[in-house]
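The structure under discussion appears below in the form of structure tokens.
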Amino acid sequence: MRTADRIANLPPYLFAEIDRKKEAKQAQGIDVISLGIGDPDQPTPDNIVDAMAQAIRNPANHRYPSYYGAKRYREACSEWMRRRFEVDVDPDDEVVALIGSKEGIAHIFLAFVDPGDYTLVPGCGYPVYHTGGILSGGLSHFMPMTEENDFLADFESTPSDVLAKAKMMFLSYPNNPTSAIANEEYFDKAIAFAKEHDLLIVHDNAYSEIGFDGYRPSSFLERPGAKDVAIELFSCSKAYNMTGWRVAFAAGNSTAIKALGTVKSNIDSGVFTAIQDAAIEAMLGPQDITFQLSEIYQRRRDTVVEALANIGMHARTPKGTIYVWARVPEGYTSAQFASKVLDEANVIVAAGTAYGPSGEGYIRISLATPDDRLTEAIERIENSL
Ligand SMILES: Cc1ncc(COP(=O)(O)O)c(C=O)c1O
């Protein structure tokens with residue numbers, strides 16, 4: 001059996017590797033605490049589950065879904081954008097339903113990247129920005145991200161030969177894994193840069209609903225001219241504790257949305273329509289859940305940042321996302337420190353380098369863990385140092 005080179009070219013999928021190590025420890029009866037994966041520990045709210053229970057009994061929902069999303073779903077996405085950000089997107093040609101934003105990230109490459117084309121990828125970011133490129137025969141240029149530069153991906157330093165072959169640039173703020181946020185000036189510069197170099201910007205706003213200390217993330221599409229060059233991805237996963245449901249959407253530039261829809265219509269058959277109905281309830285029903293979740297993660301953030309400071313590890317206090325990005329102690333690489341913590345404290349943290357080259361020197365701690373387990377994990381790390 002001979003598989004394609006593109007499979008061999010993929011790096012090992014980060015979370016699969018973490019799961020494998022965890023299972024090996026658990027098979028030995030060891031209690032492992034995972035701070036590795038950003039999968040909310042709280043259930044989906046009742047009003048959304050109830051909407052699903054009703055929707056699943058509707059026989060019309062049992063048939064093939066629309067490739068692009070049911071009209072009522074696309075209208076709900078558009079209404080949510082208006083209520084939440086005062087951004088107007090046309091449900092008919094500026095919105096497409098996604099089977100989770102991961103699916104949209106992977107498929108946008110097939111719509112824009114030919115073999116040998118470059119994609120500008122954040123120096124550390126969600127791994128599929130890079131692996132999606134590999135699967136489509138494209139190349140990644142990692143834009144440097146440094147703490148001194150507030151982890152804003154430096155697109156301006158991209159060499160001109162790379163730019164000549166680049167079609168697409170990923171940005172994502174609030175950022176996974178660094179939790180950095182971007183200001184309007186940075187977004188405006190990115191829009192001007194994309195116009196100058198004829199690039200599509202894909203702004204991944206997976207953490208749009210999680211903000212701390214009164215901060216609420218904005219939409220990239222709020223910026224003037226954004227729709228000329230960008231699409232933005234939103235997901236119910238983290239906003240409404242719906243990671244398992246696989247429902248999200250892309251909104252923005254109609255040419256890009258149409259191209260993505262064309263790819264999807266040849267590969268998948270859309271999101272189960274009952275799930276779209278549940279997502280409509282999530283987006284247009286009561287929004288208290290997003291504030292409650294932000295409160296929970298903020299409390300956990302405070303616990304972790306303070307505990308890390310007490311053991312001499314530096315971490316910035318994030319204003320959003322469900323991660324704390326901490327510098328590893330002197331003398332360790334990210335991978336060495338993550339593996340020491342797993343071996344000696346039975347705690348899983350993600351090595352920063354798993355997210356790209358700018359992640360060296362850092363680990364990512366996920367706050368999607370119950371408070372008592374989080375406290376215990378930090379105590380274990382302290383005892384292992
Ligand atoms: C930045 C970012 N984008 C996209 C995703 C994928 O989310 P979804 O569940 O919508 O596919 C994640 C998941 O952790 C993420 O962190």
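In listed order, ligands and their atoms are each counted from 1.
- Each of the atoms 1 (C) of ligand 1 lies under 4.0 Å from some heavy atom of Y129.
- Listed by first and then second residue, the side chain to side chain donor-acceptor pair (under 3.5 Å) pairs involving residues 40-50 are D41-R300, T44-W245, N47-E281 (not counting sequence neighbours).
- In this structure, F170 does not count as a contact residue of ligand 1, since none of its heavy atoms falls inside 4.0 Å of the ligand.
- Residues D277 and N61 have side chains that bring a donor and an acceptor to within less than 3.5 angstrom of each other.
- Which of K238, M242, E103, R246 comes nearest to atom 13 (C) of ligand 1 through a heavy atom is settled by distance: it is K238.
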(message) Applying ring-ring contact (aromatic ring centres under 6.0 Å, His included) to F85 and F234, what does each step give before you reach the verdict?
(response) CA-CA 12 Å; F85 304 112; F234 292 94; 5.5 Å; yes
(message) Using side chain to side chain donor-acceptor pair (under 3.5 Å), reason through D204 and Y129 one step at a time and then give a plain yes or no.
(response) CA-CA 10 Å; D204 180 1; Y129 308 148; 2.6 Å; yes
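- T321 and N176 share no side-chain donor-acceptor pair at under 3.5 Å.
- Taking the six-membered ring where tryptophan is involved, the planes of Y355 and W325 are perpendicular, since the angle between them exceeds 60° and thus also 30°.
- When non-hydrogen atoms are compared, ligand 1 lies under 4.0 Å from neither the backbone nor the side chain of Y173.
- Looking at A206 against ligand 1, only its side chain comes within 4.0 Å, counting heavy atoms.
- Taking distance alone, with nitrogen or oxygen atoms compared against 3.5 Å, K102 approaches ligand 1 more closely than that limit.
- Taking CG of L260 as the reference point, atom OG1 of T262 lies at 8.5 Å (rounded to 0.5 Å).
- Atoms of ligand 1 found under 4.0 Å from any heavy atom of G100 (numbered from 1 in listed order, with element): 10 (O), 11 (O).
- Ligand 1 has a nitrogen or oxygen under 3.5 angstrom from a nitrogen or oxygen of S235.
- Atom numbering of ligand 1 starts at 1 in the shown order; those under 4.0 Å from a heavy atom of N176 are 1 (C), 15 (C), 16 (O).
- Which parts of ligand 1 touch S101 is read off a 4.0 Å heavy-atom cut-off, strictly below it: atoms 4 (C), 5 (C), 6 (C), 7 (O), 8 (P), 10 (O), 11 (O).
- Any N or O atom pair closer than 3.5 Å counts here, and T243 shares no such pair with ligand 1.
- Between Y173 and F187, the ring planes are tilted. Angles from 30° to 60° get that label.
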